[in-house]
Amino acid sequence: MLRLPTRTICKASLIPKRLISSKGSRLQKPVTDLMTATSSSGLDVGQGLGFMKSSQVSMSPGFDPFDRSHAAALSQTTQSRDVMQLWSLLEACLCSKYYNRAMSILKSLYMVPSHRPYFIDDYNMYLESLVKSGVMNSIGQLDKKLSDDLQNTFKDVDYNDKTLAVMIHHALKYDHNLESTRNSLKTYFRMSVRGPRGILSHVNVLTVADYTALYADLSIIRFNDLPEAMKPLLEKEMQYKEGSLSSGLEAQPNDFKTANSTYEASKHETAEPGEKPCFSLGEVVQPLDKDAATLKAVDTLNMRVVRHALLGLSLNDQQREQISKFNFDANSNLLKSEDNKNLNFFEIYRSLKPEEEKDRFEKVLDDFNQERQRALESRATDAAKERWRHDFEEAKARGDISIEKKLNVKLWKWYNAMLPLVKEEVKLCSRVFSPSVDMIKGVPRQDAKQYKARLDYGPYLSLVDPEKMCVITILELLKLNSTGGIIEGMRTARAVIAVGKAVEMEFRSEQLMKSESQAFKDIGKNSHELKRYLQRAKSTFRSMKIEESKIMWPQTARAKIGSILISMLIHVSKVEVEGVDPVTKQTVYGEAPVFAHGYQYHNGSKLGVLKIHRSLIHQLNGERLVASVQPQLLPMLVKPRPWKNWKSGGYYYTQSTLIRSKDSPEQIAYLKAVSDANAIDTVYDGLNVLGETPWTVNGPIFEVMSKVWNSGKPFLDIPGIQEKLTLIPPPPREADPSIHREWKLKNKELANKFSSNRSVRCDSNYKLEIARAFLGEKFYFPHNLDFRGRAYPLSPHFNHLGNDMSRGLLLFWNGKRLGSEGFRWLKVHLSNLSGFDKASLSERVEFADRHIEDIKRSAENPLCEDAWWTKAEKPWQALATCMELNQAMKMENPEDFVSHQPVHQDGTCNGLQHYAALGGDVDGATQVNLVPNERPQDVYSHVAKLVIARLENAAAKGDEVANVLKDKITRKVVKQTVMTNVYGVTYVGATFQIDKQLSHIFNDRKYSLELSKYLTKHVFGAVRELFQGAHLIQDWLGECAKRISKSIRLDVDEKSFKNGNKPDFMTSVIWTTPLGLPIVQPYRETSKKQVTTNLQTVFISDPFGVNPINARRQKAGFPPNFIHSLDASHMLLSAAVCGKNGLDFASVHDSYWTHACDVDRMNVLLREQFIKLHEVDLIERLKNEFDERYKNYVQIAKIERNSELARKILAVRAELSKSLGRTATLADEIYMEKTRVQLLCSENLSEKEEGEKMVTSVSLVESIGGIEDVESKKSDASALVILTPLRLPSIPPKGNFDVKELKNSKYFFS
């Protein structure tokens, strides 16, 4: 790939200073000063926050970027796709023990030249499977196998340390005392590539028993050669075996004594065996209606230790009885939702007074939750199946006449009917791969076709237990209800992929758990203290296994597996229905399919859909669902795995990637490059703080919601139960067509409302049931990022990013004393939630004080008629705050109350805050509270006033529409449009936003829409007038994206030009955030692959596809995405700093949450981080990055054909055509320019001189400095298409707002 000699972005000579307005400036530090500054703080902007290192990596990423040509990108990604498909098939064949086919796949992988350097990893996977399955019966047999394969079949491949680790693991299966075994082991260690430590580092191959044998039994290795994660575990295991767990290391070899000091600190963290926790607990902790049927406690050592630790509390009789009866077996104690008395861990925790008692209680709870989390991630499907069976058998035993009506009973019947079909299909697939079966000749064509299909999907279908696949299919289809714009159903393509992917996730989770169990077999079963060290070692093991995982199933395999399983479920699932016989008029009963496959038109396209029977829809929004529709991704009971690289963080047994990228291999490639270079540590730090914030469910709020829900009546945003759709009767047949049309529209609205309410009830039911399952628990939300860097919880169904109901249900697990400032902020918070958020802070406190009696009544009788809290802007969160305030005010000194309520601080139109800082816009900065003020500025009210003034001027000139609207403008009318204007809302989008508000005033929808179109122009004009600097930057960003997306690399593959003159535009807009995260805009033309399944032909996207870019979306998306990347950087930076300062921190994009007593501290940190972010001129830095990243790019432009420049270019083309003997094309001109640049870069002086003498269209444009004066906007023959260097527009002038003024602005976030 052609690249000029690398220039470093931070060279002063390359950075033109940004123009400053004539007003002067108290501006940011020059970019060069900040980039070269040093700092003692790990998060200091002087270190670039990761930008410098990351941007240099992403501009020389170690791979060929994806914009050379469509053909090159296609070749590159096709090869990646082929390797991935072979990998996944190899993995499936190895797991199913189809070793002959596995060897054939290895040979195919070996034939891919670019994959050859990595091939040994594939061979190691094969070798490891042979060892695990017991195919190799002796050390010599495996030695011969390895030698024959590497010397004869795969001659260009060498073994590595992991190969030797597999050999050692195999050898240790045999008698250690045999001389031959010892000699083989010594030989393997002598063969090591990186020494013994290189072999021993593979904790994902070698087991604890292997390490023990090598060190203690055979003395082949030294203690210091062991991996760090294994040292304390091995030490404790050996001490335990020798009965010296308490007596020290006297019996151990000298190496242990030397190394022991490393672990002293970790030993002291653990209570000594037999030591009694000194909790004191005087008050009664109320039992919690939560868990399922009575459980018999079958004690294991771990259960006894947990129960013993809790009974060591100073308990009253009731509490002692609760703990004695509680089942501490993790596998039997998954989250359930039936009525039963269960421990409320949160209430116990709140009851403890001294901090040391709370700490000790949390250690016991965390130990217990470690096992529960493993069970939760691994046994979700089993738990659902067990609950279905339990309900069926219980109803049957009672002779319950409603047995057919309960949802779980139906699911159990479907499961039992589906299971034999799945088992039969798995059996047929296994026969296809039987060594005795060859392709059958002369069989019917359909059978031969099915045979070939099973060759493709058979290996995958055999990987997961048929029982689990049945449960997964049922759960996935119920979960997908009313998604993808399909009311009471789902898109078929989405359903088949979702089921296939869920089966794959189950397989990955199972494989990881099997490997973990094998590696740590029999370790820690009889020692609770050893379990502490075991957990650390397991964590390291899991991380290594997940990080090395690189395989994903092909979309075609997912689609085919999904369609097979769904077809079987459609075939067997039935619901009881009733109807009226048209002849006898009697009620008759029968069965109807639950799922119906069909087609419908959606946005002009014909879609395959699966519709769900309405009787089932009714049950989905009425019954308890956790056991019926248990989500696979729940909140975690323990801290998530910390993010350390791009694909290692979050859940324990499920792999997540740092960025939730949808089919963008380009984004993943850049992300991997900067992650491998350790350039995005601050991103990891911020995400880990978000993930490690512990939460619990607000019990009192849950009780209120449950009462509302169970009543079935509409309440706030929760719609009531509506059994049947009631439509308006039709008008007379002879009525006017307009009346018929209006009747149809009204009935359509009623039908849509009915379906919408059902969907909302289903969603609300889902959230409430998850909340019920987590009542009294301590839990966490693991997070990752979208492609812009914004953080989202991985648990999608219930989290703090949800609606008002979800947020009202959440509390911080940790509590903090209010203090005087905390008590004040709790009142301010209530005022904000009530909608009184634009007054001064003191006025907001007064608002709460005026409503003290309302607050008390709301807290103590929340469901009384016309309750005050229901009128709040965010009512459920307001009620939670009323309850918190009421509890505080009951105390003698409210400031002593320990509060768990999150208090929010929201930015003032955060996007405009960033634009104002970028543009140095004083007026804009004032309106969005970057400038200190005695009262908060309300940008929405200000824009509303500007719009009114514009309308009054227009009305004075006789504009009738303006006259109608001038008295109708309120803050609410313009708010959404002002908020989204900065994020690139279109004129049409803004029109609908305004119409949503005006439709409440004007009944005529058509008239309302016309007024909205008119008003949108004035709102846009007022915003542009107020935030002129912001819009100049917005325009500049859009123009940059336009030029970049229409540019071509100078070393483009000339053969990719259509007719030599039409190139594929492949260049995405790519930039680096201040924290070093590379952002790749994923907007490319879509291409889908047709896959034939037994349901229908589905069109699925290719996760490896890289198509030409969508220039329109690249331009429209860049301004808002750039601002989103800045607000995401500010949030992550703030999270990391708040975490270091001991604050509990959560975020909903530009709304930051912490304890009431910590709000002042958090606000100071937020302001400091915003200043730190904008101390550098980020627009100047972006321009410099673009200039460097796209420096060898040219663009196609049009100039006036009668200009002097056009005449010279035509002369150059004529000369080129003459030398070529044919008409020159743009591809020829590109090649000519590429040759010139190569000559100019040569160290040979004569070649350099030759390059300087060459004349090309690009050099001609460079000689006159640009084409602005002769550029043509015409598309006819008067314009000449030419090549010109990619030159980005000059940066807009900057105003004189100094971002450091923000330091004293108390309303920046408030």
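All values derive from a computational prediction rather than experimental measurement.
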N-O pairing of [X] and [Y] below 4.0 Å:
X      : Y      : result
Lys501 : Glu476 : no
Lys753 : Glu749 : no
Lys468 : Glu510 : yes

Exercise for review: Apply side chain to side chain donor-acceptor pair (under 3.5 Å) to Asp804 and list each qualifying residue two or more places apart in sequence or on a separate chain.
Suggested key: Gln877

Check your understanding: Taking everything shown except Asn752 itself, do over 12 heavy atoms lie less than 6.0 Å from its CG?
Key -> yes

Point to revise | Side-chain touch Pro635/Phe774, heavy atoms, less than 4.5 angstrom | key: yes

Check your understanding: Hey, does Gln667 have a side-chain heavy atom less than 4.5 Å from the side chain of Ile659?
Key ->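 Of all side-chain heavy-atom pairs linking Gln667 with Ile659, at least one is under 4.5 Å.
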
Check your understanding: How are the rings of Trp695 and Trp1153 set to each other: parallel, tilted or perpendicular (split at 30° and 60°)?
Key -> perpendicular

Review point. For the side chain of Trp414 and the backbone of Lys574, is there at least one donor-acceptor N/O pair under 3.5 Å apart?
Key: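 Checking the backbone N and O of Lys574 against the side chain of Trp414, a donor-acceptor pair under 3.5 Å is found.
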
Point to revise | Atom pair CD1/CG of Ile721 and Asn757 - distance to nearest 0.5 Å | key: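 One gets 11.5 Å once the value is rounded to the nearest 0.5 Å.
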
Check your understanding: Is the ring centre of His783 less than 6.0 Å from the ring centre of His800?
Key -> yes

Practice item. Starting from the C-alpha separation in whole Å, work towards a yes-or-no answer on ring-ring contact (aromatic ring centres under 6.0 Å, His included) for His571 and Phe595. Key: CA-CA 9 Å; His571 181 68; Phe595 301 98; over 10 Å; no

Practice item. Run the numbers on Arg772 and Glu769 for salt bridge (charged side-chain N to carboxylate O under 4.0 Å, His left out), then give the verdict. Key: CA-CA 5 Å; Arg772 182 194 304 278; Glu769 287 305 314; 3.2 Å; yes

Exercise for review: Show your working on side-chain hydrogen bond (donor to acceptor under 3.5 Å, both in side chains) between Gln555 and Arg558 and close with a plain yes or no.
Suggested key: CA-CA 5 Å; Gln555 289 284 71; Arg558 288 174 178 169; 2.9 Å; yes

